[in-house]
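Because only heavy atoms are used, hydrogens play no part in the values below, and waters and symmetry mates are left out as well, while side chains stay in. Numbering of residues begins at 1 and proceeds along the displayed sequence. For ligands, and for the atoms within them, numbers begin at 1 and follow the listed sequence.
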Amino acid sequence: MTQNEADSHTASTDAAHAAAFIAERTGISTHEIALTLGSGWGEAAGLIGTTIAEVPATEVPGFSISGVAGHAGTISSIELPSGHHALILGARTHFYEGKGAAAVAHGVRTAAAAGAKVALLTNGCGSTVPEWGPGTAVLIKDHLNLTACSPLEGANFVDLTDAYAQRLRNLAHEVDPALPEGVYAQFPGPHYETPAEVRMARTLGADLIGMSTALETIAARGVGLEVLGISLVTNHAAGFAPGTLDHSEVLAAGREAGPRISQLLAQIVSRIDKEIL
Ligand code: 8IG
């Protein structure tokens with residue numbers, strides 16, 4: 001075995017262990033859909049179906065709690081009205097935690113090992129579009145990975161042409177035709193950008209700026225998941241509005257938008273679930 005093969009073998013065994021643990025603790029052998037709930041999106045879990053089990057993330061192999069206010073720290077199993085099950089990843093590892101890009105991939109890899117075919121990745125983010133202020137939900141149509149890293153290792157040439165599946169965006173648009181679409185740029189964080197960096201990202205084509213979803217999407221595509229990404233704008237990116245950035249404002253914007261976007265997400269899950277056999 002080469003070192004690359006050994007690394008990827010380790011990653012998939014870790015995910016398989018986590019998935020087996022989740023199956024045992026929830027009593028559900030297959031979760032068809034995975035949802036990663038970012039800042040502002042936490043209430044959605046309660047709207048999409050019946051909670052079957054909640055497992056503290058710290059107990060699931062390879063997961064930890066990020067310590068970020070606004071992130072749940074639980075992994076739950078939800079039964080949808082169709083009888084399918086959704087795995088809610090309320091604990092994501094951010095790249096800025098310093099555990100490496102591979103640690104970021106563990107959530108979606110575990111979801112794939114648990115049987116998921118579709119990953120809904122949500123986040124809170126900054127906006128470089130003046131009309132998209134705090135509270136705006138935006139479908140991610142493409143990304144710029146500005147972390148200079150990949151969650152994949154070895155000769156794993158994953159195609160990202162349709163990373164944010166057009167098919168799933170079409171389904172989301174059936175729920176809300178007015179949902180705007182934008183390009184998401186991921187910076188490493190944990191610091192927010194300077195105004196010059198935001199202008200650079202804007203010039204490169206970024207509408208949204210965050211610290212999570214690009215690497216997760218790459219990892220998800222790497223294990224064959226179809227991805228829908230949805231951002232909640234919680235702030236104008238640095239320099240795009242007067243004043244400075246403060247995490248408490250981010251949380252407040254999430255709280256304010258929570259009921260509305262959770263309802264939206266629940267409807268999108270229901271629509272996507274109808275297409276899963
Ligand atoms: I919430 O303005 C949230 N996350 N990089 N920039 C970056 N991440 C964010 C921002 C932002 N807002």
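If you look at Thr234 next to ligand 1, the close heavy atoms, those under 4.0 Å, all belong to the side chain.
Distances shorter than 4.0 angstrom occur between a heavy atom of Cys125 and an atom of ligand 1. Heavy atoms of Ser39 stay at 4.0 angstrom or farther from ligand 1.
A salt bridge between Glu226 and Lys117 is absent, with no side-chain N of the basic residue lying under 4.0 Å from a carboxylate O of the acidic one.
Between Ala163 and Val227, the closest heavy-atom pair is O-CB, 3.4 Å.
Those atoms of ligand 1 that come under 4.0 Å of a heavy atom in Tyr192, given as number and element, are 2 (O), 6 (N), 7 (C), 9 (C), 10 (C), 11 (C), 12 (N). Listed by number with element, the atoms of ligand 1 under 4.0 Å from a non-hydrogen atom of Leu245 are 2 (O).
Annotation: atom 2 (O) of ligand 1 to nearest protein heavy atom, Asn235 ND2, 2.9 Å. Shortest contact from atom 7 (C) of ligand 1 to any protein heavy atom: Glu193 OE2, 3.4 Å. In terms of protein heavy-atom proximity, atom 4 (N) of ligand 1 is nearest to Gly124 O, 3.7 Å.
No side-chain N or O of Thr217 forms a donor-acceptor pair with one of His143 less than 3.5 Å apart. With hydrogens and angles left out, the side-chain atoms of Thr128 and Asp207 include no donor and acceptor closer than 3.5 Å.
Within a 6.0 Å radius of NE2 in His17, no more than 12 heavy atoms belonging to other residues, nucleotides or ligands are found.
A side-chain donor-acceptor contact under 3.5 Å links Tyr184 to the backbone of Thr213.
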